[in-house]
Amino acid sequence: MKRIFKYELPVMETQLLTLPKNARVLSVANQRDNLVLWAAVDPQAKDVESHLITIGTTGNTLPDVQNADFLGTVLFNNGSFVTHVFHKKV
């Protein structure tokens with residue numbers, strides 16, 4: 001049985017997130033000034049897999065997001081800092 005888990009992400013250009021095998025990444029948002037990702041996971045899964053999270057910021061060069069899914073745009077500091085989050089299973 002799957003459950004929705006929350007993962008806090010540092011705001012950095014790229015990072016690998018390890019999730020239980022067959023996790024489904026759902027969305028991202030700002031929660032209490034933290035970048036948060038939600039995923040549907042099987043907490044009893046024995047195996048894990050890596051997910052590449054790529055974050056671009058408005059006005060700056062976008063890292064390579066070819067073949068990545070767009071998760072959403074997340075605003076911080078009353079909208080003065082804007083991030084765009086992409087996801088790809090690797």
Side-chain angles (χ1 to χ4, degrees):
M1 175 149 296
K2 290 197 174 192
R3 296 179 183 204
I4 296 177
F5 281 7
K6 174 177 78 173
Y7 301 87
E8 287 190 14
L9 301 173
V11 178
M12 52 192 287
E13 191 171 278
T14 59
Q15 57 197 284
L16 281 178
L17 180 63
T18 302
L19 298 173
K21 190 168 178 79
N22 298 318
R24 180 176 175 208
V25 174
L26 301 173
S27 65
V28 290
N30 176 348
Q31 186 180 50
R32 296 183 206 94
D33 292 324
N34 292 304
L35 179 58
V36 178
L37 176 144
W38 285 272
V41 303
D42 177 355
Q44 296 181 5
K46 305 266 189 263
D47 296 322
V48 296
E49 54 195 10
S50 294
H51 297 254
L52 179 64
I53 307 298
T54 304
I55 299 171
T57 55
T58 298
N60 293 310
T61 303
L62 183 64
D64 181 16
V65 292
Q66 187 171 353
N67 301 318
D69 296 322
F70 176 69
L71 289 178
T73 296
V74 182
L75 286 71
F76 294 90
N77 298 330
N78 294 318
S80 64
F81 181 68
V82 182
T83 63
H84 312 280
V85 184
F86 299 82
H87 159 262
K88 177 171 65 171
K89 194 183 302 185
V90 292

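Just so you know, these numbers use all the heavy atoms, side chains as well, and skip hydrogens, waters and symmetry mates. Note that the structure is a prediction, hence the values are computed from the model and not measured.
- Under the salt bridge (Lys or Arg N to Asp or Glu O under 4.0 Å) criterion, no residue pair touches residues 55-70, with sequence neighbours excluded.
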Distance-only criterion, 3.5 Å: show the donor-acceptor pairs between side-chain atoms of residues 71-79 and protein atoms not counting sequence neighbours.
| unit_1 | atom_1 | unit_2 | atom_2 | d |
| --- | --- | --- | --- | --- |
| T73 | OG1 | H84 | ND1 | 3.0 |

Which side-chain N or O atoms in residues 4-29 pair as donor and acceptor under 3.5 Å with protein atoms at least two apart or in another chain?
| unit_1 | atom_1 | unit_2 | atom_2 | d |
| --- | --- | --- | --- | --- |
| K6 | NZ | Q31 | OE1 | 2.9 |
| Q15 | NE2 | P10 | O | 2.9 |

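- Sorted by first and then second residue, the pairs that involve residues 35-67 and meet ring-ring contact (aromatic ring centres under 6.0 Å, His included), not counting sequence neighbours, are H51-H87.
- No continuous path of ILVMFWY side-chain contacts below 4.5 Å connects V85 to F70, so the two sit in separate hydrophobic clusters.
- A salt bridge (Lys or Arg N to Asp or Glu O under 4.0 Å) check over residues 70-90, counting only residues at least two apart or in different chains, returns the pairs E49-K89.
- Among pairs with a residue in residues 30-42, none fulfils salt bridge (Lys or Arg N to Asp or Glu O under 4.0 Å), at least two apart in sequence or across chains.
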